[in-house]
Amino acid sequence: MKHSKVVGQGYYVPDSVVTNDDLSKIMDTSDAWIQERTGIQERRHLGRHSGQTTRDLGYKAAMKALGSANLKPSDLDFIVFATLSPDYFFPGNGVLLQQDLGCDTIGALDVRNQCSGFIYALSTADAFIKTGMYKTILVVGAEHHSVGLDMTTRGRGVSVIFGDGAGAVILQANDQSKGILSCNMGSQGEHAEELAVLFPGSKYGWADEYNDAHITPEIIYPVMNGTFVFKHAVVRFAEAIDKVLLDAGKTMDDVSLLIPHQANLRISQFIQKKYGLSDDRVFNNIQKYGNTTAGSIPIAFAEAMEAGRIKEGDLVCMAAFGSGFTWGAVLIQF
């Protein structure tokens, strides 16, 4: 059976840095308040009027990944694009990226699993490669959150957390025992509205309902039951990590680096403490980028590669939890 090997990676974040002090000028918050609750110091925002969109972020990350792999867009067999902030309600961003890259008429799949979107996308691409259906797949996670956040005191509990950015990897089939060793995914839809954007959609109406009185900020902006999410996240993170290790016949002692989804530094620190991991065995960058949802793991992975934190022979675990609720993990041997 073929294995999926990561042969390239790249990331892109906007130039515009938004610090906690910047946010304190437009909403009732402070650097201390934000850092205490999230660990975030700054994030990157495209903003509402930049002229750029999620597809642009994904394209730039994809081109860097292709360059890292010494490949051309014409070498790709398939694209998987994970995002919660697509350019359009439909079609999805996968086909937009296929157009921007100038690929042939290859397939393009969109994944809407929010914070665990990249894990779902990577697992899907791995399955395609293992079956022999495709040889070279581009997997992208990208988000343009700043266009849809409530940047007022009313929305501060959510808006201070999120940033814009994109990451990408190239998976390629190989006959060695290296590459993706195991994946797992889970969900619990009963908690769907604990972290969600509820409009637009068939439940609350469509375009002709925009001016109706029931279209309130509570359903057009992200809502999150923070404490509830935290309690579930630390449990599901550990479950996903334990299962992916068990399936591969590994233990945490074998893991060289854990790359958790950058949802909240306090969640990452809780997981780090649970497994007794030293700082050099966990990669966090939420302090400077915030939560980039589907973009967070591939951005962190690409940065870790740049920093020399991953080398030949290392075992890397990626894990995520988020809206849905959904969660999952991937274990990769380099």
Side-chain angles (χ1 to χ4, degrees), residues 37-38 80-86 89 92 109-127 139 141 143 145 148 157-158 161-162 180 182-204 218-248 252 258-275 282 286 290-298 300 317-331:
R37 288 160 177 78
T38 69
V80 186
F81 198 123
T83 185
L84 65 73
S85 52
F89 194 88
L109 172 70
D110 284 73
V111 171
R112 291 283 299 274
N113 284 82
Q114 296 68 247
C115 294
S116 59
F118 184 76
I119 294 296
Y120 270 70
L122 201 61
S123 301
T124 300
D126 176 56
V139 184
E143 303 292 2
H145 286 128
V158 174
I161 297 172
F162 292 97
I180 294 179
S182 57
C183 311
N184 72 74
M185 296 166 282
S187 69
Q188 192 173 14
E190 67 185 281
H191 301 312
E193 294 191 7
E194 301 294 340
L195 175 53
V197 175
L198 305 178
F199 181 84
S202 59
K203 180 174 180 178
Y204 287 98
E218 289 75 22
I219 67 170
I220 64 172
Y221 290 120
V223 292
M224 178 174 67
N225 184 344
T227 301
F228 189 84
V229 171
F230 185 98
K231 289 178 178 178
H232 282 259
V234 294
V235 172
R236 298 304 189 184
F237 252 106
E239 286 182 1
I241 292 169
D242 289 345
K243 187 175 190 309
V244 82
L245 289 170
L246 178 65
D247 289 347
M252 186 56 81
L258 173 65
I259 303 179
H261 163 55
Q262 305 295 296
N264 185 310
L265 186 60
R266 307 307 165 218
I267 295 175
S268 297
Q269 290 171 334
F270 185 98
I271 296 301
Q272 178 177 351
K273 183 177 180 180
K274 172 181 173 60
Y275 288 103
V282 182
I286 191 173
N291 180 348
T292 53
T293 309
S296 84
I297 289 180
C317 182
M318 304 174 178
F321 172 90
S323 172
F325 288 153
T326 60
W327 58 88
V330 173
L331 196 64

Take Gln188 and Trp327 through the test side-chain contact (heavy atoms from CB on, under 4.5 Å) and record every step on the way to the result. CA-CA 9 Å; Gln188 192 173 14; Trp327 58 88; 3.8 Å; yes
Does the side chain of Glu143 pick up a donor-acceptor pair with the side chain of Ser85 at under 3.5 Å? yes
With heavy-atom distances below 4.5 Å as the criterion, would you say the side chains of Val223 and Val158 are in contact? no
Closest heavy-atom pair, Gly148 versus Pro222, reported as atoms and distance to 0.1 Å, is O-CD, 3.6 Å
Could you report the tightest heavy-atom contact between Gln114 and Leu84, atom names first, then the distance? CG-CD2, 3.7 Å
Do the ring planes of Phe237 and Phe321 sit parallel (below 30°), tilted (30 to 60°) or perpendicular (above 60°)? tilted
Walk me through it: do Arg266 and Phe230 pass the test side-chain contact (heavy atoms from CB on, under 4.5 Å)? CA-CA 9 Å; Arg266 307 307 165 218; Phe230 185 98; 3.9 Å; yes
Tell me, with the steps shown, if Met185 and Thr326 meet side-chain contact (heavy atoms from CB on, under 4.5 Å). CA-CA 7 Å; Met185 296 166 282; Thr326 60; over 6 Å; no
Of Leu331, Leu246, Asp126, which meets side chain to side chain contact (heavy atoms under 4.5 Å, CB included) against Ser182? Leu331
Heavy-atom closest pair (Gly141 atom, Phe118 atom, distance to 0.1 Å) is N-CD1, 4.2 Å
Listed partners of Asp242 passing salt bridge (charged side-chain N to carboxylate O under 4.0 Å, His left out), at least two apart: none
Closest non-hydrogen atom pair between Leu122 and Val139, with its separation: N-CG1, 4.0 Å
Which atom names give the shortest non-hydrogen contact between Ile297 and Ala320, and what distance separates them? CD1-CB, 3.9 Å
Worked verdict on Val229 versus Asn264 for side-chain contact (heavy atoms from CB on, under 4.5 Å): CA-CA 11 Å; Val229 171; Asn264 185 310; over 6 Å; no
Using salt bridge (charged side-chain N to carboxylate O under 4.0 Å, His left out) as the criterion, list what pairs up with Glu194, not counting sequence neighbours. none
